[in-house]
Amino acid sequence: MPTEPVSGHDLRHHGDAEVRDDGGALVDLAVNVRADTPPDWLRDRIAASLAGLAAYPDGRAARAAVAARHGLPVERVLLTAGAAEAFVLLARALKVSRPVVVHPQFTEPEAALRDAGHTVDRVLLRESDGFRLDPAAVPEDADLVVVGNPTNPTSVLHPAGVLAGLARPGRTLVVDEAFMDAVPGEREALAGRTDVPGLVVLRSLTKTWGLAGLRIGYVVAAAETVALLERAQPLWPVSTPALAAAEACVSPAALVEAEEAARVVAANRAYLIAGLRDFASHGLRVVEPAEAPFVLVRVPDGAAVRERLRTLGYATRRGDTFPGLGTEWLRLAVRDRGRRRVVGGAGAGTGRLTAGRVPTAGAQAAPPQRAPLEPAPPAATRLPVHAARRLRAVRG
């Protein structure tokens, strides 16, 4: 589990790049935003807020709602324009001498630190260890440590005790919990903990609720850290519609809905992984156990497989922009039943690709049965005729 300096990965490449422009017609397995969101009730709440656009945003109610959701005083919460803004604030406001980012993970933390003039070291987790963290690999003199939980793109959920054990006097420990609300019961969460010195937890409301275009997230930290970050923010950083969304998404009813959504994702993910295992003999490997709304797979000649999938109508997230991964890695978003999706790519040289379906919530994850391709799907997911003839389907 080596520590290495920065190198030439494209840290600004994200899944949305896979579905821009001509990628907009592809079946989206690249972006980790829950499908068919936001729900109607949330759209209505956001729409109702538009009547107040003439006034400057007032974040007090939303901030209090987020604080209450975690059982914290409001002084420990800072609302941000998505979790990505929080990484920029941390990079600009904290005075640190040796920041360390644990990889593979979301690349914006390192990009923000580098843009702010910091020299960043990396701790690279190894495939042979299941991309799980050994706390001993983190340098003792690191005064800022950034780690994701569950981690994007590996889908690994680190034990809360292991992460809390990284805390040291004089160290800021940043845990990115952007996907924690997609974990049933939010087990291993640190948000709300006040007994871990230097702890900063970042949360996003854009993934589960489909608000990536609205930009809303928050930071949970000690009051003095929140005050420091708040001073680095511009005035009125979170819009009135985003504040309305934040307040709505942390309501008791919304938390119940998010928990149910997390359980549906877990069932769909299990079904997807079961289908992917069918291709182990072709060299495909899934990182397990997976706990997030996406899975990381290693497949021989991954770059060619990814391009082939695009010709067949599917967008997947390339893995080589994540430090610690290469072109053989792909990330696949978990999708609901009824969305035609990739289950795997056969071994290098065969050129065979497979599609499948994910079961509905509560459906039994039965072994997939191969069948001829069904009639053409709706226009949004239609494949070219020549590709469809070579595509095998799996019925859920």
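In this chain, residues are counted from 1 in sequence order.
E288 pairs by the side-chain contact (heavy atoms from CB on, under 4.5 Å) definition with I273, R277, V286, not counting sequence neighbours. Partners of H70 by ring pair (Phe, Tyr, Trp, His ring centres under 6.0 Å), not counting sequence neighbours, listed by chain and number: Y218. Taking the side chain to side chain donor-acceptor pair (under 3.5 Å) definition, one finds that D181 meets it with T208, sequence neighbours left out. By the side-chain contact (heavy atoms from CB on, under 4.5 Å) test, L50 pairs with L53, P241, sequence neighbours left out. Evaluation of the side-chain contact (heavy atoms from CB on, under 4.5 Å) rule for A93 yields L228, L229, A232 as partners, not counting sequence neighbours. A search for side chain to side chain donor-acceptor pair (under 3.5 Å) contacts involving E291 returns R187, not counting sequence neighbours. Judged as a side chain to side chain donor-acceptor pair (under 3.5 Å), and not counting sequence neighbours, the contacts of E259 are R263. By the side chain to side chain donor-acceptor pair (under 3.5 Å) test, E224 is found to be paired with no residue, residues two or more places apart in sequence or in another chain being considered.
For residues 146-159, the pairs satisfying side-chain hydrogen bond (donor to acceptor under 3.5 Å, both in side chains) are T151-H158, N152-R331, with sequence neighbours left out. Residue pairs meeting the ring-ring contact (aromatic ring centres under 6.0 Å, His included) criterion with at least one member in residues 161-195, sequence neighbours excluded, are F179-F294.
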Hey, can you pull the donor-acceptor pairs under 3.5 Å for the side chains in residues 77-90, sequence neighbours left out?
unit_1, atom_1, unit_2, atom_2, d
T80, OG1, G82, O, 2.9
T80, OG1, G217, O, 3.4
E85, OE1, A81, N, 2.7
E85, OE1, Q233, NE2, 3.4
E85, OE2, Q233, NE2, 3.4

Can you give me every donor-acceptor pair (side chain of residues 138-147, partner residue at least two apart or in another chain, under 3.5 Å) with its distance?
unit_1, atom_1, unit_2, atom_2, d
E140, OE1, R168, NE, 3.1
E140, OE2, R168, NE, 3.4
E140, OE2, R168, NH2, 3.0
D141, OD1, R98, NH1, 2.5
D141, OD2, R98, NH1, 3.2
D143, OD1, S97, N, 3.4
D143, OD1, R98, N, 2.8
D143, OD2, S97, N, 2.7
D143, OD2, S97, OG, 3.1

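Checking V66, L205, I216 one by one against C249, the side chain to side chain contact (heavy atoms under 4.5 Å, CB included) holds for a single residue, L205.
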